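Because the structure is a prediction, the values reported are computed rather than measured.
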Amino acid sequence: MSDFTHHFWSVYVAGITVAGILACLLLLWITARKKVNAAVDNTTGHVWDEDLTELNNPLSRWWAGLFVITLVFGAGYLIAYPGLGAFSGKLGWTEVGEYQKEVEAANRELEPLYARFASAKVEDIAADPQARAIGERLFLNNCAQCHGSDARGSKGFPNLADGDWLHGGAPENILETITKGRIGTMPPMAAAVGSPEDVKNLAHYVLSLSGSPHDSLRASLGKSHFTACAACHGPAGKGNPLVGAPNLTDDVWLHGWGGAAIVAMINNGKTNQMPAQEGKLSPAQINVLAAYVWGLSNQPAAAAK
């Protein structure tokens, strides 16, 4: 698709557009100058169904007038609005600007609805049935594309309903994640671990941490190589929420389970991104959304409020 971002295509589109308008003007001019054949019967000689004869009459003035008005309107539109390639139009209209205006208008209309949730605690909001219903709609519109409509995620997208959190599941952590977004990076570690056999042994040791099926001999050989991972995952493999390093002892696998998946992770690394929502949602909306997400894994606590 990068081939279609070249400046040539802007000129190409603008040229076709202008040529189309000029061609229509030329056609109108030619037909206006053409003389009507003054034959006796004023026909073209074409006959259909034995008696349906084509006459040779000039265009009606109202039709020609509408044609001219259409051409003038088209030319005026292209001057005022984007349409001639990269030319942005004299009015400065853009799709992004129109979208932002609509969002701002919608936020002004919804502001009274969110006003009582703006400064409330996440735990209190999660106990409010109306707030949970609003939070669910916000989640479906903004988060379900990745985490699923049931918030249980899929491969590469965290389950938000299981109590397992990369960056912490406290209300303040969830608020920060939604507001600022997250970038999680696992660098390729094969060079630091050693040979391909060392990587396989390390993978079996990682499996052993969560009690998953593994080769105990390989796991014992791979334990010493875990020092390359301990800086992020901790000496015991329990993870570190400060850097988003997952707990390797809980048998929850974000990017796939099994020795092959772990070997691929060690060899290739992985980068995941959770986009920031602060420019898309208002602070009050983020507060309600965070309360809904927090309540997914704290339902008894939310219901007890």
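The side chain to side chain contact (heavy atoms under 4.5 Å, CB included) test with Val293 singles out one residue from Ile174, Thr177, Val288, and that residue is Ile174.
With hydrophobic clusters built from ILVMFWY side chains whose heavy atoms lie under 4.5 angstrom apart, Phe8 shares a cluster with Ile16. Val72 and Leu25 end up in the same hydrophobic cluster when Ile, Leu, Val, Met, Phe, Trp and Tyr side chains are linked at under 4.5 Å. The cluster map of Ile, Leu, Val, Met, Phe, Trp and Tyr, joined by side-chain heavy atoms under 4.5 Å apart, puts Leu175 and Leu296 in the same cluster. One hydrophobic cluster, built from ILVMFWY side chains closer than 4.5 Å, holds both Ile286 and Leu110.
Residues Asn159 and Ala151 share a closest heavy-atom pair of OD1-O, 3.3 Å. The two residues Gly256 and Ala261 come nearest to each other via the heavy atoms O-CB, 3.5 Å. The two residues Asn142 and Gln145 have their closest heavy-atom pair at C-OE1, 3.4 Å. For the residue pair Ala245 and Cys232, the shortest heavy atom distance occurs at CB-O, 3.3 Å. Pro188 approaches Asn268 most closely through the heavy-atom pair CG-O, 3.4 Å. Contact between Leu166 and Pro246 at its shortest, heavy atoms only, is CD2-CB, 3.5 Å.
For the atom pair CG of Leu91 and OH of Tyr81, the computed distance is 5.0 Å after rounding to the nearest 0.5 Å. Atoms CG and CG, on Leu217 and Asn201 in that order, are 7.5 Å from each other to the nearest 0.5 Å. The distance from atom CG of Leu281 to atom CG of Asn107, rounded to the nearest 0.5 Å, is 8.5 Å. Atom OG1 of residue Thr70 and atom CD1 of residue Ile21 lie 11.0 Å apart, to the nearest 0.5 angstrom. Here the CE-SG distance, from Met274 to Cys146, works out to 8.5 Å after rounding to the nearest 0.5 Å. Atom CH2 of Trp62 sits about 11.5 Å away from atom CD1 of Ile69, to the nearest 0.5 Å.
Electrostatic pairing of Asp215 and Lys200 does not count as a salt bridge here, judged by no charged N lying under 4.0 Å from a carboxylate O.
Between the Arg218 side chain and the His204 main chain, no donor and acceptor come within less than 3.5 Å of each other. Under the 3.5 Å distance criterion, the side-chain polar atoms of Asp49 are left unmatched by any main-chain donor or acceptor of Leu52. Formation of a donor-acceptor pair under 3.5 Å by the Gln285 side chain with backbone atoms of Ser282 is found in this model. Checking side-chain atoms of Asn287 against main-chain N and O of Ala120 turns up a donor-acceptor pair under 3.5 Å. Although no hydrogens or angles enter the test, the distance criterion places a donor-acceptor pair under 3.5 Å between the side chain of Asp198 and the main chain of Ser195. In terms of modelled atom types and a separation under 3.5 Å, the side chain of His225 and the main chain of Lys223 share no donor-acceptor contact.
Looking at heavy atoms from C-beta onward, His167 lies out of side-chain contact with Pro241 at the 4.5 angstrom threshold. You'll find the side chain of Leu140 reaches within 4.5 Å of the side chain of Ser149, heavy atoms only. Val252 has its side chain out of reach of Leu254: every pair of non-hydrogen atoms, C-beta onward, lies at least 4.5 Å apart. Using a 4.5 Å heavy-atom threshold, the side chains of Pro171 and Lys121 count as separate.
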- Message: What verdict does the side chain to side chain contact (heavy atoms under 4.5 Å, CB included) test give for Leu289 and Phe139, after you've listed the backbone C-alpha separation in whole Å, the side-chain angles of each residue and the deciding distance to 0.1 Å?
- Response: CA-CA 7 Å; Leu289 178 56; Phe139 182 87; 3.9 Å; yes
- Determine, step by step, whether Tyr292 and Ile125 satisfy the side chain to side chain contact (heavy atoms under 4.5 Å, CB included) criterion, reporting the C-alpha distance in whole Å, the side-chain angles of both residues, the deciding distance to 0.1 Å, and the verdict. CA-CA 8 Å; Tyr292 174 76; Ile125 297 174; over 6 Å; no
- May I have the step-by-step check of side chain to side chain contact (heavy atoms under 4.5 Å, CB included) for Leu160 and Ser297, ending in yes or no? CA-CA 7 Å; Leu160 304 180; Ser297 56; over 6 Å; no
- Message: Show, in sequence, the C-alpha distance, side-chain angles and deciding distance for Trp48 and His46, and conclude whether the side chain to side chain contact (heavy atoms under 4.5 Å, CB included) test is met.
- Response: CA-CA 7 Å; Trp48 292 272; His46 298 153; 3.4 Å; yes
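For residues 161-184, the set of pairs meeting the salt bridge (Lys or Arg N to Asp or Glu O under 4.0 Å) definition, not counting sequence neighbours, comprises Glu176-Arg182, Lys180-Glu278.
Grouping Ile, Leu, Val, Met, Phe, Trp and Tyr by side-chain contacts under 4.5 Å, direct or through others, puts Leu209 with Met186, Met189, Val193, Val199, Leu202, Tyr205, Val206, Leu207, Phe226, Leu248, Trp253, Trp257, Ile262, Val263, Met265, Ile266.
Within 6.0 Å of CZ in Arg137 there are 12 or fewer heavy atoms belonging to other residues, nucleotides or ligands. In Tyr12, the OH atom is not crowded: 12 or fewer heavy atoms of neighbouring residues, nucleotides or ligands sit closer than 6.0 Å.
Side-chain polar atoms of Ser210 and Asp250 form no donor-acceptor pair below 3.5 angstrom. If you check the side chains of Glu123 and Trp294, you find no donor sitting under 3.5 Å from an acceptor.
In this pair, Tyr114 and Phe117 present their aromatic rings perpendicular. The plane angle is above 60°, beyond the 30 to 60° band.
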